[in-house]
Amino acid sequence: MGERDKEWEFHLRSLSSSSRDSNYATDPASDPSLLNSVKRLHQLCKSENSEDLVARVYPHLNKIFHRSVASISQSQPQTSNGLLLLAILQFFLDFGDAILHDADPSLKTFFRSCLSREFADPIVAEATLEFLNANIRKLLSSFPTLLPQFFPLLLKLIAWNGEKFEKLFLRVLPGLISPGSFIPSFPSLVDLPTLVVALEKVERTAGSLVGGSIASIQQSAAPQMLFDLMDEAYTGSTIGDGGADSESEDSSTMAVADSLFLELLKDENDGLTERHWTSPAMAAALQAVVSAPQSDRLKEALRMTPRVLDAYFALAVRDFNSSLTCALIPLVMKRYTTLFPDKIFSYEVQKRLLQFMLAAFHRSPDIIAVLKKPIVDRLGEAYENPAKTELALQLCWAIGEYGGGGESHKDAARELFESLELLLYENLSSSRLGLRESAPGSGSTVRKSSQSRLLCFVVTAIAKLATYHRELLPRTRVSLAKVARSRISDVRVGKRARDYLGLMNEPAICWSVLGPSVSNKSTQNPGTVNWNEASSKMIAHVPFYILGAQEGPPFHDFSFSDVIPRR
């Protein structure tokens, strides 16, 4: 018998004896030699490429897998079942066709029974991410719903273990996002820092997260708790005391106050409506966290979340159709002003939310027409706080830039125009913000500057809409004339209105300045240069009206002799 055969028999006997040893029969993972035997037998099966050898090993591994899963709840805290189960799962994936083993139930069992208890163990967390990376193609082709189903559990893993596994997680992220998880995953990603707060709160209440099952808290909660969650999601009412029935029978229990975070702590994508994060209890809980010194884990989550959102939005723009993107945008607008209350974090996330919305509008301008109702609602909230003002500004820009959805959406464009018109007149009224009567001070100055900026955006959007939809020109001239004649404190607003009124008397120049930035493939916009034909002819009209309004030196860096052929 050769050395390889002796090694084979030795490791096979190790698997067999593990089930007979009373010390390891009920807890296979506590056998220190078992993991090595499983890995070595796997390697020998691959190198020998023998279905006979695979068939001899499979029954032993299948029994060990089920015994290990059954022993998880009774395992010692220092015992980790994750590494052993991952090694067996790798065998199932590599040789499943030969042994006719469907790995889907085994994979789900691993996530539900093992990873839900051991995600906080950095060794198991790293091994899980490496396993997913190594098998990502197989998982996506053979089990396409697996990772989207368990994305909340994997978010708990990365939230707790932080930046050291960020690169591994980002490589797995595309597998977590599918049509069924695309929208539910967005608020979960945005709330990654809040998830850290929830996990730390559970750890303070119930002890170490390793070995405890947070999922059992949800499973054992009284039905009334589920009704309360639904009630809060739809009405904004806060969850009451769940009483004695709200505690888990598991060794890991959670205080009633932690019920605020129950949805964040779930392991599976169950499709529940997002909870109402502006409830007084949630706001108070997060404010208390912000007021206290931040933990290192929370600081990592605050830094990491914008980068994870970058990857998520890149997938959204590249891989998902306009219908799903359109469904996501109202949630993006809602969450723009409802974020973890950290200034730097809010700035970084809001910047990415705006970039995504504008990229979506650029790819499919007709989304603006479809979403006119939520867009109009956000325009009506422009006065409430600086974040909502900034969101309204960007929406004004998008409405004007893409003509309210395009030339074929005249009804939607008219409704958006009327909303912009109302916003304009409300700002012109001194009673809306009382800026003229307010006492001098830094606060008053900031509010005046914000109002002037909003007015400039609204005036531009109205002028651009009229350029797309000529039937709006008469109303636009009336609106701009009112702005030009008004005695608003910021002269720049009135000057911009007068400039646009002048432009509208020159249709070709007006289309060049205020028309779409991307030309139709079949037409050439007036006032633009076709640089492909620059060597033979020039088709541009010089906007003398615009040039004449400039003060100081010319803003261009060329002379007419550079573009007019010499004779």
Are any non-hydrogen side-chain atoms of Asp319 and Phe182 less than 4.5 angstrom apart? no
So, Ser181 side chain and Ser178 main chain: donor-acceptor pair closer than 3.5 Å or not? yes
Look at the side chain of Lys156 and the backbone N and O of Leu265, then say whether any donor-acceptor pair between them is shorter than 3.5 Å. yes
Any heavy-atom pair between the side chains of Phe356 and Val332 that's under 4.5 Å? yes
Close side-chain approach of Val290 and Phe340, heavy atoms under 4.5 Å: yes
Should Glu300 and Arg297 count as an ion pair when the cut-off is N to O under 4.0 Å? no
Distance check, rounded to the nearest 0.5 Å: Arg204 atom CZ versus Leu199 atom CG? 11.0 Å
Set of ring pair (Phe, Tyr, Trp, His ring centres under 6.0 Å) partners for Phe150, sequence neighbours left out: Phe111
Output yes when a side-chain donor or acceptor of Arg378 lies under 3.5 Å from a complementary backbone atom of Leu395, and no otherwise. no
A side-chain contact here means heavy atoms from C-beta on lying under 4.5 Å apart; do Gln294 and Leu302 qualify? yes
Rounded distance [0.5 Å steps], CZ in Arg498 versus NZ in Lys495: 8.0 Å
For Phe165, enumerate each residue passing the ring pair (Phe, Tyr, Trp, His ring centres under 6.0 Å) test, keeping only those at least two apart in sequence or located in another chain. none
Is the backbone of Ile367 close enough, under 3.5 Å, to the side chain of Ser364 for a donor and an acceptor to pair up by distance? no
What's the spacing between Glu401 CD and Leu514 CG if we round to 0.5 Å? 10.0 Å
Side chains of Leu371 and Pro374, heavy atoms from C-beta outward: is any pair under 4.5 Å? yes
Residue pairs meeting side-chain hydrogen bond (donor to acceptor under 3.5 Å, both in side chains), one or both in residues 307-317, sequence neighbours left out, come to Glu163-Arg307, Glu166-Arg307, Asp310-Arg352
Could you tell me which residues satisfy side-chain hydrogen bond (donor to acceptor under 3.5 Å, both in side chains) with Ser323, sequence neighbours excluded, listed by chain and number? none
Contact between Phe186 and Leu353 at the side-chain level, heavy atoms closer than 4.5 Å - yes or no? yes
Can you list everything that forms a side-chain contact (heavy atoms from CB on, under 4.5 Å) with Arg318? Sequence neighbours excluded, please. Leu315
Under the side-chain hydrogen bond (donor to acceptor under 3.5 Å, both in side chains) test, which residues partner Glu384, sequence neighbours left out? Lys388
Is it true that the side chains of Thr460 and Tyr500 contain a donor and an acceptor less than 3.5 Å apart? yes
Pairing residues for Arg492 by the salt bridge (Lys or Arg N to Asp or Glu O under 4.0 Å) criterion, not counting sequence neighbours: Asp490
With a 4.5 Å cut-off on side-chain heavy atoms, are Leu331 and Pro187 touching? yes
Would the distance check show the side chain of Thr325 and the main-chain N or O of Ala360 forming a donor-acceptor pair, the cut-off being under 3.5 Å? no
What is the minimum heavy-atom distance between Ala387 and Tyr336, and which atoms define it? O-CE2, 3.1 Å
Under the ring pair (Phe, Tyr, Trp, His ring centres under 6.0 Å) rule, collect the residues that match up with Phe345, sequence neighbours excluded. none
List for me each residue that meets side-chain hydrogen bond (donor to acceptor under 3.5 Å, both in side chains) alongside Ser188, sequence neighbours excluded, and say none if there are none. none
In Å, rounded to the nearest 0.5 Å, how long is the span from CG of Leu195 to CG of Leu264? 5.5 Å
Ala159 and Leu192 have their tightest heavy-atom pair at CB-CD1, 4.1 Å
Contact between Leu173 and Phe151 at the side-chain level, heavy atoms closer than 4.5 Å - yes or no? no
Using a 3.5 Å distance criterion without hydrogens, assess whether the side chain of Ser486 forms a donor-acceptor pair with backbone atoms of Val483. yes
Residues Gln350, Glu390; criterion side-chain contact (heavy atoms from CB on, under 4.5 Å); working and verdict: CA-CA 10 Å; Gln350 287 172 343; Glu390 184 62 31; over 6 Å; no
Salt bridge (charged side-chain N to carboxylate O under 4.0 Å, His left out) assessment of Arg470 paired with Glu407: CA-CA 10 Å; Arg470 305 291 292 178; Glu407 296 181 7; over 6 Å; no
Sequence neighbours excluded, the answer for side-chain contact (heavy atoms from CB on, under 4.5 Å) partners of Pro365 is Tyr402
Would you give the length of the straight line joining atom CD of Glu381 to atom CG of Leu391, rounded to the nearest 0.5 angstrom? 8.5 Å
Got a sec, which pairs hit salt bridge (Lys or Arg N to Asp or Glu O under 4.0 Å) with one end in residues 365-374, sequence neighbours left out? Lys373-Asp377
Can Leu309 and Thr305 be said to form a side-chain contact (heavy atoms from CB on, under 4.5 Å), step by step? CA-CA 6 Å; Leu309 285 174; Thr305 300; 4.1 Å; yes
Just by modelled atom types, is the Leu324 backbone N or O under 3.5 Å from a matching donor or acceptor in the Asn321 side chain? yes
List the atom of Ile368, the atom of Ala398, and the distance in Å for their closest heavy-atom pair. CD1-O, 3.5 Å
OH/Tyr347: more than 12 non-hydrogen atoms of other groups inside 6.0 Å: no
What's the shortest heavy-atom distance between Cys396 and Ala461, and which atoms? O-CB, 3.3 Å
Report, one line per pair, each donor and acceptor closer than 3.5 Å where one atom sits in a side chain of residues 413-424; sequence neighbours left out.
unit_1, atom_1, unit_2, atom_2, d
Arg414, NH1, Asp411, OD1, 3.2
Ser419, OG, Glu415, O, 3.2
Glu421, OE1, Arg475, NH2, 2.6
Glu421, OE2, Ser479, OG, 3.3

Of all heavy-atom pairs linking Ala497 and Leu480, the shortest is CB-O, 3.6 Å
Do we see a donor-acceptor contact under 3.5 Å between the side chains of Glu426 and Tyr383? yes
Please report the C-alpha distance between Leu170 and Lys167 in whole Å, then the side-chain angles of each, then the deciding distance to 0.1 Å, and finally whether the side-chain contact (heavy atoms from CB on, under 4.5 Å) criterion is met. CA-CA 5 Å; Leu170 288 178; Lys167 291 183 179 179; 5.8 Å; no
Output yes when a side-chain donor or acceptor of Gln149 lies under 3.5 Å from a complementary backbone atom of Asn269, and no otherwise. no
Measure the spacing between OG1 of Thr467 and CG of Leu473 and express it to the nearest 0.5 Å. 7.0 Å
Taking all atoms of both residues into account, what is the closest heavy-atom pair of Thr476 and Ala466, and its distance? OG1-CB, 3.2 Å
